[in-house]
S.K.: 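I have a structure I would like to understand better, so I am pasting it below and will then ask my questions one at a time.
Convention: sequence-line order gives letters A, B, ...; per-chain numbering from 1. Because the structure is a prediction, the values reported are computed rather than measured.
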Protein chains: 2
Amino acid sequence: MGTRIALVDDDQNILTSVSMTLESEGFEVDCYHDGETALRGLARRPVELAVLDIKMPRMDGMELLQKLRGTSSLPVIFLTSKDDELDEALGLGMGADDYITKPFSQRLLIARIRAVLRRASQDEMDMAAPNIIRQGELLMDPDRHLCSWKGEEVKLTVTEFLILQALASRPGMVKNRDQLMDAAYGESVFLDDRTIDSHIKRLRRKIKVQDSSFDNIETLYGIGYKYRA
Amino acid sequence: MGTRIALVDDDQNILTSVSMTLESEGFEVDCYHDGETALRGLARRPVELAVLDIKMPRMDGMELLQKLRGTSSLPVIFLTSKDDELDEALGLGMGADDYITKPFSQRLLIARIRAVLRRASQDEMDMAAPNIIRQGELLMDPDRHLCSWKGEEVKLTVTEFLILQALASRPGMVKNRDQLMDAAYGESVFLDDRTIDSHIKRLRRKIKVQDSSFDNIETLYGIGYKYRA
DNA sequence: CGCCTGTGCCGCAAAGCCGCCGCAATGACG
DNA sequence: CGTCATTGCGGCGGCTTTGCGGCACAGGCG
């Protein structure tokens, strides 16, 4: 199934010809004549990218973008007339992902659309990957480098954070020092095993400052460490 | 049949567009405008995951989560505004499984929903542990270096663990001391036979501390040992 | 140029583990 | 029943692993 794209322009000629081209490229296109209709339509029938004319009756592209961005981070490409370069700057400043000046070649539009979509999906990959870890009183949010124990923040260094994350993401699972090393640095980094001990030491100490009864990082003699939930 | 998801937000635009997207992805969506209605609706029509806006009239997401968590462990994803990061921390501390800041892309939401659902179902089926040994009252999980007798943990050293594992993995099968030696250390390690006796001694003692009637490690005079199921 | 933080590693002391010894208990067998 | 082989068990000395304080070095920053 093709990617769904909204096309908003008051010029019926553009609407028809561009939508034809896009459809022939495998996209599914929803056409709207003005911002207001588009806003309503998009609520019912979401798309993955919108191509907006800036100048339109009833609600122009700028205003539409603003309303859309209130609720979603939909990628947007603006269509601008050659003479109003001011609007271009404004549109981009507002958060458009790209813009094209009329007249434009259809091929260029398609290229831009593909580029914006690629960029957007890349961003989401980055965002979607790591989730929140919650194990009992421990809370970790890798996105924000946030770690808290019993609701109170614990300030960790990067290395400490990664090691604790590796342990807490699979509570109960035993990790030897090499595995923790791989988690903290990439693989193929060779360091003294005992370095891990140092980080564990600092981790335990930092959390114990707030809660002296903390003992969830367990040592397994001759094997490694594990996090007890 | 799709997974059922509750969507609670006071913004009708979000409600419509997000529910459309989710439905097009094969989910079944129940929409609610506020916490109170949602609470009543969810009682009648349970879901497997809830997406909650934090700020809502009558009963906000926070309060709703609290009430929901009183009775079930329903996975929850929060929608938060970019500006109030305080709420995020609070929401997470309260037990949300993830959160997304507005504005967000629908694709991201879907990715997060899938991730949370995956994690939840993973937790339920107890992490797909392929290596667990269960023989009657004995339970061994090498990945976690966990051994329990009649539900109570028995702390074993590596060598003890390996020997018991070798015995219990083939209950009834006789193992001579050399075989047990190979299981515990690699082959090509030469030690006094009687060392195995020592480990057996310690094994029996450790388990007997918890259950004096334990006698499942059997001695075969002149041959070796076997585990009786 | 100094201060500060993060980090890797060293060295010592404590804790844990293991192999073996010696003696008592048990089993095999004539 | 006597004798020898095998096993159970307490214990001990020594080795390994770990905890922890601390030090030196590197990089960031004013």
S.K.: If you fit an axis to the five pairs at each end of the helix from C/dC1-D/dG30 to C/dG30-D/dC1, how big is the angle between those two axes, to 10 degrees?
M.R.: 30°
S.K.: Does B/Glu48 have any salt bridge (charged side-chain N to carboxylate O under 4.0 Å, His left out) partners at least two apart in sequence or in another chain, and if so, which?
M.R.: none
S.K.: Below 3.5 Å is the cut-off: list the nitrogen or oxygen pairs between protein and nucleotides 26-29 of chain D, distance only.
M.R.:
none

S.K.: Which is true for A/Leu220 with a 4.0 Å heavy-atom rule: it touches a base, it touches only sugar-phosphate, or it touches nothing?
M.R.: sugar-phosphate
S.K.: Please identify the 5'-most and 3'-most nucleotides of DNA chain C with any atom under 4.0 angstrom from a heavy atom of chain A.
M.R.: C/dG6 to C/dC17
S.K.: With sequence neighbours left out, what residues match B/Tyr221 under side-chain contact (heavy atoms from CB on, under 4.5 Å)?
M.R.: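 Not a single residue meets the side-chain contact (heavy atoms from CB on, under 4.5 Å) criterion with B/Tyr221.
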S.K.: Look up atom CG in B/Asp192 and atom CZ in B/Arg177, then write down how far apart they are to the nearest 0.5 Å.
M.R.: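 One gets 10.0 Å once the value is rounded to the nearest 0.5 Å.
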S.K.: Going by side-chain contact (heavy atoms from CB on, under 4.5 Å), name the residues that satisfy it together with B/Ser148, two or more places apart in sequence or in a different chain.
M.R.: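 B/Ser148: side-chain contact (heavy atoms from CB on, under 4.5 Å) contacts with B/Leu139.
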S.K.: Could you check if a side-chain atom of B/Tyr227 sits within less than 4.5 angstrom of a side-chain atom of B/Ile217, using non-hydrogen atoms only?
M.R.: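 Counting from C-beta outward, B/Tyr227 and B/Ile217 do come under 4.5 Å.
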S.K.: Whether the B/Thr3 and B/Arg114 side chains hold a donor-acceptor pair (N or O, under 3.5 Å, no angle test) is what I'd like checked.
M.R.: no
S.K.: Mind checking side-chain hydrogen bond (donor to acceptor under 3.5 Å, both in side chains) for B/Ser19 and listing every partner two or more places apart, or none if nothing turns up?
M.R.: none
S.K.: Quick one: what's the B/S/- string for nucleotides 8-14 of chain D, heavy-atom cutoff under 4.0 Å, read 5' to 3'?
M.R.: BBBB---
S.K.: Would you sort out whether B/Asp9 and B/Tyr32 count as a side-chain hydrogen bond (donor to acceptor under 3.5 Å, both in side chains), showing the intermediate values?
M.R.: CA-CA 7 Å; B/Asp9 199 312; B/Tyr32 302 98; over 6 Å; no
S.K.: Would you say the side chain of B/Thr159 lies within less than 4.5 Å of the side chain of B/Leu162, judging by non-hydrogen atoms?
M.R.: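 SC-SC contact between B/Leu162 and B/Thr159 ruled out.
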S.K.: Quick one: ring pair (Phe, Tyr, Trp, His ring centres under 6.0 Å) partners of A/Tyr225, sequence neighbours excluded?
M.R.: none
S.K.: Under the ring pair (Phe, Tyr, Trp, His ring centres under 6.0 Å) test, which residues partner A/His199, sequence neighbours left out?
M.R.: none
S.K.: For B/Arg194, check salt bridge (charged side-chain N to carboxylate O under 4.0 Å, His left out) against everything at least two apart and list the hits.
M.R.: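 Listed in chain order: B/Asp197.
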S.K.: What residues form a ring pair (Phe, Tyr, Trp, His ring centres under 6.0 Å) with A/Phe161, not counting sequence neighbours?
M.R.: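 Result, ring pair (Phe, Tyr, Trp, His ring centres under 6.0 Å) vs A/Phe161: A/His145.
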S.K.: How long is the line joining CD1 of B/Ile223 and P of D/dA5, in whole Å?
M.R.: 18 Å
